[in-house]
Amino acid sequence: MKKKLSNIVGPSNVSDNPLDLEAYSYCSSETQLEPKLVVWPGTTDQVRRVILYANQTHTPIIIRGSGTSLADGCIGENMLILSSERMNKIIRLDLKNKIVEVEAGIKIKELNDVLSKFKMTFPFTPLNPTTTIGGMIALDTPTKESRFFGSIHSWLEEIEFIDGTAKHYYTKKKEAVLGKEGLSGVITRAKLRITEPPLLSIDIFKFTELSELLGKVRVLKKDIEVYFLEFLDKKTSQALGFGNNYVLLVAYTTLKGKKRNLLEVRRLCELLDSVHSLLRRKGYYYLQDPYVSLEKSYDLIEWCEKNKVGLHGHISIGLFYAYFLKEDKDLIKTFKSFIKRINGCLGIGFGFGSMNKDFISPSQKKELMKLKEEYDYNNILNPNKAISYR
Ligand SMILES: Cc1cc2nc3c(=O)[nH]c(=O)nc-3n(C[C@H](O)[C@H](O)[C@H](O)COP(=O)(O)OP(=O)(O)OC[C@H]3O[C@@H](n4cnc5c(N)ncnc54)[C@H](O)[C@@H]3O)c2cc1C
């Protein structure tokens, strides 16, 4: 197999070296699943030929971006890893029409570093800056900006992908792959809308009572000038220097917030983006992505506080990040049951992958099964991730 794949992608772009196999046997969870081979295609046609070969030899493929999945979405025992890492170019930047066309393996930070030189941005900033555009599209990654901009859907003009039968698409029909966790196709290119970074002002609201905080969220959710609305529990608030309170950090697209100074606003945004590394330094090790209704946010926040679980997140869209200490690994099981009990979900942010499969609703399952029938009936791509098919 190595020889055949070398013929497609070139010998330096395929490896069964034990060091590579070990590196690609991990994502950002603790699970280790060692692959058989890693392949780094450099072009869309190489991706197509690799998938064609996989179909002929019944070889399952796991698609991988930066490997930051927290749901074991991009690792697979004895499988072929197809990495997008070497397809990471900006193909075309059209400032007049505010469009950028990129290869799927480009990292969000690298893209935005280039766009910032032209005073432009692709306005979604996940906590992990190494996330690839392909990974973000595959998971329809929500970020703090999703409150204002909605899903990546409306920022995606066209998408190129190769489906599980090696058929090539360049299409506006993004639903086939957007948020489908690589079950239907390997995303190779994307045409994205970009925009000028908005000028923001910020308010910091501190609360001692949860009921007051949730009342304020209800009001702010109706405010169309709110750009992001971020919740910090007391521990996170302390870690960021806001004292022992619940905090709402609110950014507006107008100047109505009290913090308006450009440098101060930038500092607060950077502080918010550093929350993950700050909590990791405090010993929080495991990360979960609870998604709950505003009514149930009260229960979630209370549960986390009682169980010494750190919590922050995008409260206006109901998506939080819950941080568990290393010694509290067993608590995660109880947490999952609790989330089910309050009709919440895990996997909306990080994907269902292998870890959150039991949170998939029957209708989501049906939709993914239908996609498999249409685009990957041999079940070559990401088998047993999110759903079990065939
Ligand atoms: C510190 C940290 C912070 C994080 N913060 C956030 C956050 O703020 N919000 C959030 O939602 N998630 C977050 N995550 C989770 C993770 O970063 C996201 O799930 C991210 O979208 C994964 O991108 P990736 O490029 O690393 O993809 P991978 O982890 O490599 O893959 C993720 C999934 O996408 C599929 N995939 C990847 N590339 C392609 C492609 N080209 N075509 C088709 N399918 C593909 C994979 O098969 C897999 O199912 C965080 C993770 C860490 C470790």
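Start at 1 and go down the list; that is how both ligands and their atoms are numbered. Note that these values count all heavy atoms, side chains included, but never hydrogens, waters or copies made by symmetry. The shown structure was predicted, so the numbers you read here are calculated from the model rather than taken from an experiment. Positions are given from 1, in the same order as the sequence printed here.
- The local environment of OH in Tyr170 is crowded, with over 12 non-hydrogen atoms from other residues, nucleotides or ligands closer than 6.0 Å.
- An N or O contact shorter than 3.5 Å is missing between Ser84 and ligand 1 by distance.
- Looking at Lys340 and Asp358, a side-chain N of the basic residue comes within less than 4.0 Å of a carboxylate O on the acidic one, giving a salt bridge.
- In terms of polar-atom proximity, defined here as any N/O pair under 3.5 Å, Thr130 makes no such contact with ligand 1.
- Salt bridge status for Lys296 with Asp299: absent, with no side-chain N to carboxylate O gap under 4.0 Å.
- Residue Val186 has no nitrogen or oxygen atom sitting less than 3.5 Å from a nitrogen or oxygen atom of ligand 1, judged on distance alone.
- Counting non-hydrogen atoms of neighbouring residues, nucleotides and ligands closer than 6.0 angstrom, the CD1 atom of Ile91 exceeds 12 such neighbours.
- Salt bridge present: Asp223 and Lys256 bring a charged side-chain N and a carboxylate O closer than 4.0 Å.
- Considering both main-chain and side-chain atoms, Ala104 never comes within under 3.5 Å of ligand 1 through any nitrogen or oxygen pair.
- Which parts of ligand 1 touch Gly134 is read off a 4.0 Å heavy-atom cut-off, strictly below it: atoms 38 (N), 39 (C), 41 (N).
- Using a 4.0 Å heavy-atom cutoff, Gly351 is absent from the residues neighbouring ligand 1.
- Ligand-side atoms of ligand 1 in range of His276: 1 (C), range being under 4.0 angstrom from any heavy atom.
- Between the side chains of Glu34 and Tyr24, no donor-acceptor pair of N or O atoms lies under 3.5 Å.
- Residue contacts with ligand 1 for Val177 are absent, since no atom lies close enough (heavy atoms, distance under 4.0 Å).
- If you check which protein heavy atom lies closest to atom 25 (O) of ligand 1, you get Thr132 OG1, 2.6 Å.
- No more than 12 heavy-atom neighbours from other residues, nucleotides or ligands sit within 6.0 angstrom of NZ on Lys259.
- Residue-ligand proximity: Gly105 is placed with every non-hydrogen atom at 4.0 Å or more from ligand 1.
- Close approach to Arg64 involves these atoms of ligand 1, each under 4.0 Å from a residue heavy atom: 30 (O).
- At a 3.5 angstrom cut-off on N or O pairs, Leu70 does not count as close to ligand 1.
- Inspection of the Glu209 and Tyr246 side chains reveals no N or O donor paired with an N or O acceptor under 3.5 Å.
- Atoms of ligand 1 found under 4.0 Å from any heavy atom of Gly73 (numbered from 1 in listed order, with element): 47 (O), 48 (C), 49 (O).
- Cation-pi geometry between Lys216 and Phe207 is not met: the NZ or CZ atom fails to fall both under 6.0 Å from the ring centre and inside 45° of the normal.
- For atom 20 (C) of ligand 1, the nearest protein heavy atom (residue, atom name, distance) is Thr131 CG2, 3.5 Å.
- At least one heavy atom of Pro142 sits closer than 4.0 Å to an atom of ligand 1.
- Considering Gly67, Ala71, Gly135, Pro126 only, the shortest heavy-atom separation from atom 28 (P) of ligand 1 involves Gly67.
- Nearest protein neighbour of atom 21 (O) of ligand 1, counting heavy atoms only, is Thr141 OG1, 3.1 Å.
- At the shortest separation from atom 13 (C) of ligand 1 among protein heavy atoms lies Phe350 CE2, 3.4 Å.
- Within 6.0 Å of atom NZ in Lys4, 12 or fewer heavy atoms from other residues, nucleotides or ligands are found, so the atom counts as exposed in its surroundings.
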Exercise. Should Glu230 and His312 be marked as a side chain to side chain donor-acceptor pair (under 3.5 Å) after you check the CA-CA gap, both sets of side-chain angles, and the distance that decides it?
Worked result: CA-CA 7 Å; Glu230 294 291 294; His312 71 92; 5.0 Å; no
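- For ligand 1, the atoms sitting less than 4.0 Å from at least one non-hydrogen atom of Asn382 are 47 (O), 49 (O), numbered in the order shown with element in parentheses.
- Distances from atom 19 (O) of ligand 1 to the heavy atoms of Leu139, Thr68, Asn128 show the closest one on Leu139.
- Contacts between Ala138 and ligand 1, counted as non-hydrogen atom pairs separated by less than 4.0 Å, involve the side chain only.
- Looking at atom 46 (C) of ligand 1, its nearest protein heavy atom turns out to be Ile63 O, 3.1 Å.
- Those atoms of ligand 1 that come under 4.0 Å of a heavy atom in Ser28, given as number and element, are 53 (C).
- Annotation: cation-pi geometry satisfied between Lys326 and Tyr285 (NZ/CZ under 6.0 angstrom from ring centroid, within 45° of ring axis).
- Less than 4.0 angstrom separates some heavy atom of Gly182 from each of these atoms of ligand 1: 43 (C), 44 (N).
- Looking at atom 31 (O) of ligand 1, its nearest protein heavy atom turns out to be Cys74 CB, 3.8 Å.
- A donor-acceptor contact closer than 3.5 angstrom is absent between the side chains of Asp113 and Ser116.
- Aromatic ring centres of Phe335 and Phe324 lie closer together than 6.0 Å.
- The side-chain hydrogen bond (donor to acceptor under 3.5 Å, both in side chains) check on Glu270 picks up nothing, with sequence neighbours excluded.
- Here is the list of ligand 1 atoms found below 4.0 Å of a heavy atom in Ser69: 29 (O).
- The closest approach between a heavy atom of Phe161 and any atom of ligand 1 is not below 4.0 Å.
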